Each structure stands twice: as structure tokens, then as C-alpha cells.
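Both ligands and their constituent atoms are indexed starting at 1 by order of listing. What you see is a predicted model, and the numbers here were worked out from it, not measured in a lab.
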Amino acid sequence: MEESSSLHSLKIMHGRKLLNRIFASVYGFAIVALFYHHLLTLTAVPPRGRLSIFMLISDFILAFMWFTSQSFFMNPVTRQQFPENLKQWVDNKDFPAIDIFICTADPFREPPLTTVNTVLSVLAYDYPTEKLSVYVSDDGGSKLILFALMEAAEFARNWVPYCRENKIEARCPEEYFRRNHSVTSQFQIIENLYLDMKMRIENVVERGEVVDECISDPQQRQAFSKWTKGFTPKDHPAIIQVLLESDKDKDIKGYSIPNLIYVSREKSTTSLHHFKAGALNALLRVSEAMTNAPIILTLDCDMYSNDPQTPQRVLCYFCDPSIRSKLGYVQFPQRYHGLNDDDLYGGDNVRTFRISPSGLDGLGGPDNCGTGCFFNRRALYGNPSSVTSLEHSGDSHTRTIAISSVSVVEIASHAASCNYEYNNTEWGTKVGIKYGTLVEDIYTGYMMHCEGWDSIFCDTERPAFLGEVPINLEDVLSQVKRWAFGHLEVLSCKYSPLTFGTKALGILRANCYIHYVFWPIWCIPVTLYASLPQLSLLNNISIFPKVSDPWFFLYVFLFFGAYAHDFVQFILFKGTTKRWWNDQRMWYVKALSPFLFASIEYLTKKLGITTKGFNVTSKVVGQDERKMYDQSVFTFGIPSPMFVPLATVSIINLIAFVKGIMTVIFRMESLDELFIQLFIAGFAVVNCLPIYEAMLLRSDHGRMPKKIVITSSVLAGVLCIAFSLIVS
Ligand SMILES: O=c1ccn([C@@H]2O[C@H](COP(=O)(O)OP(=O)(O)O[C@H]3O[C@H](CO)[C@@H](O)[C@H](O)[C@H]3O)[C@@H](O)[C@H]2O)c(=O)[nH]1
Ligand SMILES: [Mn+2]
């Protein structure tokens, strides 16, 4: 596929592949040696022998995670797309229709203006307008969202032709006006229109309701009348409102404009809703009744399009007859705007959203990450060879009745009802986005792979989509906790990658998913490594080889080898040293806190004590918060229990480190025996510097609350004393 007409290329990076494999072999050998050394130490006299068991457990888990992670590096590939060659393969008029699904759930955590910007950025795609339909799912059932979308529909009539005529690259208006300032009259007209719209939306949101004087059009009034008495976000009938219809509505230049449809699925307190998965499935059914496009793009409300040519890029795959029949989805990485230079909280998640999917790409396809994913509609209805899927492969061309007609809206409303969520349907098990976990994205992609679908990773130079990251620590930790919890649900489900996955995908591919779902287990080795060597150091117990012992070098190699490998991967994905440093620090933070909490919550749920819902990540940014984030200062602010393990561990490490140094200075003892422990404590102390600062030195809103400092200090003290008593 390298001729001048090819649509895409795939290159195996042979050099990298060889290096990765050599490194994996050497490192693997070193791990075997480590276990041999463990065997030798286990026979030593207590307390060292007793402690060694814990270090053995830690190292076993670390080795397991290392082993499963190696699959990501076994077949590195790069891809390129050549959309300029598309016309040789398919006529513009034969482009397949695309249904775009945008989910929002809470107008107060997800500002309607954010959703509006995302909607406008995709309405303005460089794509035949009559083939684009944008469906917005509003899980909050909020008038505010509907109002904002009505405003967006009006503005789109100006915005879409403006972007096309001026070949604008960034078609998210907020971003465009932030970056561009021009004096041309056309620019100023459109900017004023945008600012007016923005003001109206923000006013309504601030007021918290859509009052009568905000509505001018009788048709709009009728739409709002569906919010009858007794309507609550958790209990209301389905609402479907066609806001733009490409057959009827025209932009200001007289051209047709894409469809825009507001959908708020039925909610009832007696039925499960399955969070985002349920919302997407409702859209799947609604869109089937209305436009039934063969390609579906799913987006979170904050992920705006940053490249109007993205659909063409995707067609390079969907229009290639040699891969089309088995292609389940094309995934773009999650990338973000608004990160600070050093990416304080590792929000970029390079490992999760770029390094790992790119590794899976060489083995049969990346995992699905929920947003920025172009699905083959058929793939959501069955395996590649299933007959039933044929019914769903229709194109909007075959449609004859207008989507706003009473009969179509009635069918669509029925499709958005709760009836599909009761036990007897196949939705969420065999059909659509899969239920049963808070990470419906990973699980759905994984099940598609098991059914025989392939996927493709499209990591373009210019990010195709840009989203928002949480910029305060508490939000970051809660998001990670939800993901970790979701992974445990996949790990323990009927189709666990550990059992079903290894059979369906083979060990190499399944390993990647095993690595994902075991994610929270990092909490065990990290917690043990962050406390035991330090507590032992305080009691002068050596648990690692002396510096003069040849085994010492094994530890040095394992530590620096792992970090160097990680660093190189990070840099290859255009990371910087500072970002890498912050990212590795966040890895500890995640392991010590949200992974631990998710595991505990998961156990309590299994025991039937608690339940867990989807805590929507806040996309509202306070000014104070933004300021601290931009200055790269950690925000602890609220007294979250998730900060306790972090603070406790940082105190223990500091005490141990100080004691170790004092021993060297004042007692002039050589640290031959305790060197590794002192090194680990020192490394942790350097990582914890922002925590000490937040505990002791700061007085702003982001400092660590007294309650947390006191609790953690007491806990650290208790641990130190308890440990001394046990080992003495
Ligand atoms: O009941 C719900 C809850 C959430 N959402 C939507 O789901 C999306 C993702 O929610 P968010 O709070 O932003 O979670 P994140 O952790 O940022 O989302 C990541 O992780 C999710 C799985 O946990 C994936 O579904 C997302 O695509 C992925 O971006 C948002 O558009 C929400 O509006 C719903 O539609 N209904
Ligand atoms: Mn999000």
C-alpha cells in the first residue's frame, strides 16, 4: 500500500522493535535473578526474613505488571493517512453519512457553553452537510442545555459558512476568538454574534432557569412546555427536539446545514440508567430511527474538534475495501488544552491515551477511550460475520420521511424510553455500548476485539480533538478512582481479560487488557515500598543488599532500567523532562490514594455495603484554582480523605530520611547496609516536596487542611510505634 493512490500506510518500526525486545529480555532475566535473591534472603533470620515476605509480594506484583506491560512494546508501528487520495476511491457524493453523539450530564458541572462549543466545532466539519447529524444527549434533562443548543443552532447558520469560506482551522468558536483578533468587518460581525450568544447562555445559566422573556419563538416555547410539573433530572419522559434539519434549514448563504437533535432520554427511579453507556445506547437507537448513518463519532461534551478534515482522515480507513469489513472503530487519542507547561497533575495521561493504544495498534488495534472514536455502526450490533448486522448498515439516503415529522419523532422518543433498560433486552450485553462497568469505553472496545473486530489508532500531528483536564488535585483523584473502580469491574466480570480474554485474543494482546484492568493493584507494591523500607530504616533493620554486595547492582539496574525505559517512552511521545517528572510523581500519588480507595470501595460494593455511581468530572474552573494551577502549585484545599495516605507516607519518609542522614553525619556510621533504604526515602522526599509545602509553608486556599495534617501525623506516629513494637 505505498503507491501514490494509497489511502493510508502502516510502518513497523523495526529498530525500536528490536531494541524493545532486547531490553525486555535483559530486564526479564534480571527479574528472574531478583527472585533467586529473594529465595536466598527468605531463609535469613527474622525480622529481616519476615519483612522480606512483604518485599517479595511487592516485587511479585511489580514483576507481573512489568510482564503484562511488555506487550505494548512488542510491535511498535506508525500510521499515516492520505486524505488527498480519497477522490480516487470515492466520490464526494458517495461519502458515508456520519452521526455524531455528544454526551452531557450536568449543566452545573459541565457548562452548557462548553457543550455548545463542541457542537459548533463539529457542525462546521469540512464534510457534505446533508450527511452530518449531531445528536446531543442531555442526561441532566436540563432546560439550560436545550436553551443553549437553540442558541447554537441559530449561531451555526453564520458560523458554518464563515468557517468554510475562510478555511478556518480551529472551528471551536471560543478557541478561535481567543486566538484570533482581526479588524475585518466580517470577523467583527461574527465575533459580536458569538459574544451575544455567549452572554445569553451565561445569563440563563447564572439564573439557573429559562424564564419566559428569554424565549421569543412559539415553537421554542412549546419545546420548553415539556418540562411539566414533577419533572426531575432523575424522573421524566423522553424529550426529543429537532433543532436543525438539513432538508429544510439553510445557513445565511442559502446552503443546507447539518442536522442537530436534542435528546434527553427517559429517566425513571425504578430503572437502571447505566450512566454514559446508557446515554450512548439511547442515542444509538434514536439515531437509527432518524438518520441511521453507518459511521458514528462519540464525543464527550468538552472534546471539541480541532481539525475540520478529521472525517476525511477516517474515511481513508472506512473506504478501504481491504480492511473495511472487519474495521470496528478508528480511535483518536484524548488530548487536552489548558494544561500548564509542566503538566502538574500528569493530566495529559500520555501513557494511557497515547503510548499504550499505540502499542496495541501494532497487535490488532487500540482500546476504545470513550471520546474521539469513529465507530462502524455495524460493530455495535454484532460480530463481523453476523447477519443481523446487515439490517443496520443502511444509509441516510434511503430515508424519505423528514426527521422532524411527528411519526419519526414518536418512534425516536420510544427508542429513548427506559423499556430498553430492563433485564430482558440485549442492550448493554450483546448490542451497543457494554454495561457493567464505569469504564464502558475500555470494556466495549475489548469486547469488540474479542468478537473479531479490528480497530485503528489515528494519532495525528495536529490533535483532532481537544478536551479539558481537571485542574485541582481532588478532581484528578476522584476521576482516577472512578477509572480504577471500573477496571476492577472488568477484571472480575464474566468476560475477564484474564480468562476469556486470553482465549479470545491470545496472550500477547490479552496481556495489554490484563495490564489495564489490574491497574489499581499498583497500590500494594507502592504502599509497601513507600513505608516498609523507611520504617525499617528507623529501626536500623536492613532489608536490601549492602552496597558492597554484588546483588546491590541488580537493584540498581532494576530501578534505573525501569525509570530510563519509562523516560525514553515519554520523550518519544514529545514529552519534556519536567512533564515526565510530574507524571511519575502522579503515578505514586495515584497508587497511594485513588487506587487504594477504589480497591476498598470495590470490596465494600462486593459485600453489598455500598454502591458506586459515575461522578461527573467538573469542567467549571474557578479563578483561584486556575491561578494556582498555572503557577504549578498543588491544591489540597478541601479535607478529602484521599489526601490522608499521601500526607502520612510523606511524613514517614521525611522522618526516616532525616534520621538516616543524621546517623551518617553524627554517628559517622557508613551506610553500607542501609543505603538503598535511605535512597528510597530520599527519592520519596523529593517527590513529596509539594506536600510538605502544602502542610507547613502555605497559607492560601490550596494548603492542606489542618484536619488532614493532624490525622496524618497521628497515623504516621502510630505506624512508627507499632512497627517498632512488632520488630523488637
Ligand atoms: O450519567 C452520565 C455520566 C456521564 N456522562 C457523560 O460522560 C462523559 C464523560 O464524563 P466525564 O465526567 O468527563 O468523565 P471522564 O473521566 O473525563 O471521562 C473519561 O472516562 C469515561 C469512563 O469513565 C469515558 O466514558 C470518557 O469518554 C472518558 O473521556 C461526559 O460527556 C458526561 O457528560 C453521561 O452522559 N451520563
Ligand atoms: Mn472528561
Does atom NZ of Lys430 have more than 12 heavy-atom neighbours from other groups under 6.0 Å away?
no
Short list, please: which atoms of ligand 1 are under 4.0 Å from a heavy atom of Asp139?
1 (O), 2 (C), 34 (C), 35 (O), 36 (N)
For atom 20 (O) of ligand 1, what is the nearest protein heavy atom, given as residue, atom name and distance?
Trp483 NE1, 3.0 Å
Nearest non-hydrogen protein atom to atom 27 (O) of ligand 1, with distance, is Lys276 NZ, 2.6 Å
Should you measure from each heavy atom of Gly370, which atoms of ligand 1 turn up under 4.0 Å away?
27 (O)
Trp427 and Tyr381 aromatic ring geometry - parallel, tilted or perpendicular at 30°/60° bounds
perpendicular
Measure the distance from atom 1 (O) of ligand 1 to every protein heavy atom, then report the residue, atom name and distance (to 0.1 Å) of the closest one.
Phe275 CA, 3.3 Å
Tell me which protein heavy atom sits closest to atom 26 (C) of ligand 1, plus the residue, atom name and distance to 0.1 Å.
Asp300 OD2, 3.3 Å
Within the 4.0 Å heavy-atom shell around Gln334, which atoms of ligand 1 are there?
28 (C), 29 (O)
Heavy-atom proximity to atom 30 (C) of ligand 1 ranks first, among Arg482, His274, Glu110, for Glu110
Does Cys301 reach ligand 1, in the sense of a heavy atom lying below 4.0 Å from it?
yes
Nearest-neighbour protein heavy atom for atom 3 (C) of ligand 1, which is reported as residue plus atom name and distance
Phe614 CD2, 3.5 Å
Can you sort out the partners of Arg207 under salt bridge (charged side-chain N to carboxylate O under 4.0 Å, His left out), two or more places apart, ordered by chain and number?
none
Rounded distance (nearest 0.5 Å) linking atom CD1 of Ile239 with atom CG of Leu146
7.5 Å
Name each donor-acceptor pair under 3.5 Å that joins a side chain in residues 112-121 to protein atoms two or more places apart or in another chain, with its distance.
| from | atom 1 | to | atom 2 | distance (Å) |
| --- | --- | --- | --- | --- |
| Thr114 | OG1 | Pro111 | O | 3.4 |
| Asn117 | OD1 | Glu174 | N | 2.8 |
| Asn117 | ND2 | Leu113 | O | 3.0 |
| Asn117 | ND2 | Tyr194 | OH | 3.1 |
| Thr118 | OG1 | Thr114 | O | 3.2 |
| Thr118 | OG1 | Cys301 | O | 2.5 |
| Ser121 | OG | Thr118 | O | 2.7 |
| Ser121 | OG | Ser305 | N | 2.9 |

Run through Tyr329, Tyr513, Trp453, Tyr495 and flag the one making a ring-ring contact (aromatic ring centres under 6.0 Å, His included) with Tyr446.
Tyr513
Would you mind listing which atoms of ligand 1 come within a distance below 4.0 Å of any non-hydrogen atom of Lys619?
11 (P), 12 (O), 13 (O)
Give the numbers and elements of all ligand 1 atoms closer than 4.0 Å to a heavy atom of Cys103.
6 (C), 30 (C), 31 (O), 33 (O), 35 (O)
Value for CD1 (Ile295) from CZ (Phe375), rounded to nearest 0.5 Å, stands at 12.5 Å
Please confirm whether the ring centroid of His487 lies under 6.0 Å from the ring centroid of Phe518.
no
Is Leu438 in polar range of ligand 1, meaning some N or O pair under 3.5 Å apart?
yes
Report the part of Cys369 (side chain from C-beta onward, or backbone N, CA, C, O) that has a heavy atom under 4.0 Å from ligand 1; answer both or neither where that applies.
backbone
So Asp630 and Arg626, do their side chains get closer than 4.5 Å, heavy atoms only?
yes
Distance filter under 4.0 Å to Thr371 heavy atoms, resulting ligand 1 atoms
27 (O), 29 (O)
Please lay out, stage by stage, how Lys198 and Glu151 fare under the test salt bridge (Lys or Arg N to Asp or Glu O under 4.0 Å).
CA-CA 9 Å; Lys198 183 172 169 173; Glu151 289 285 336; over 6 Å; no
Ring centers of Phe332, Phe457 separated by less than 6.0 Å:
no
Does ligand 1 come near enough to Gln479 that some N or O of the ligand is less than 3.5 Å from an N or O of the residue?
yes
Specify the protein heavy atom at minimum distance from atom 12 (O) of ligand 1: its residue, its atom name, and the distance to 0.1 Å.
Thr617 N, 2.6 Å
Can you tell me the protein heavy atom closest to atom 25 (O) of ligand 1 and the distance?
Glu440 OE2, 2.4 Å
So for ligand 1, is Ala105 a polar contact partner (N or O within less than 3.5 Å, distance only)?
yes
Which residue in the set Arg265, His273, Lys276 passes side-chain hydrogen bond (donor to acceptor under 3.5 Å, both in side chains) when paired with Asp139?
Arg265
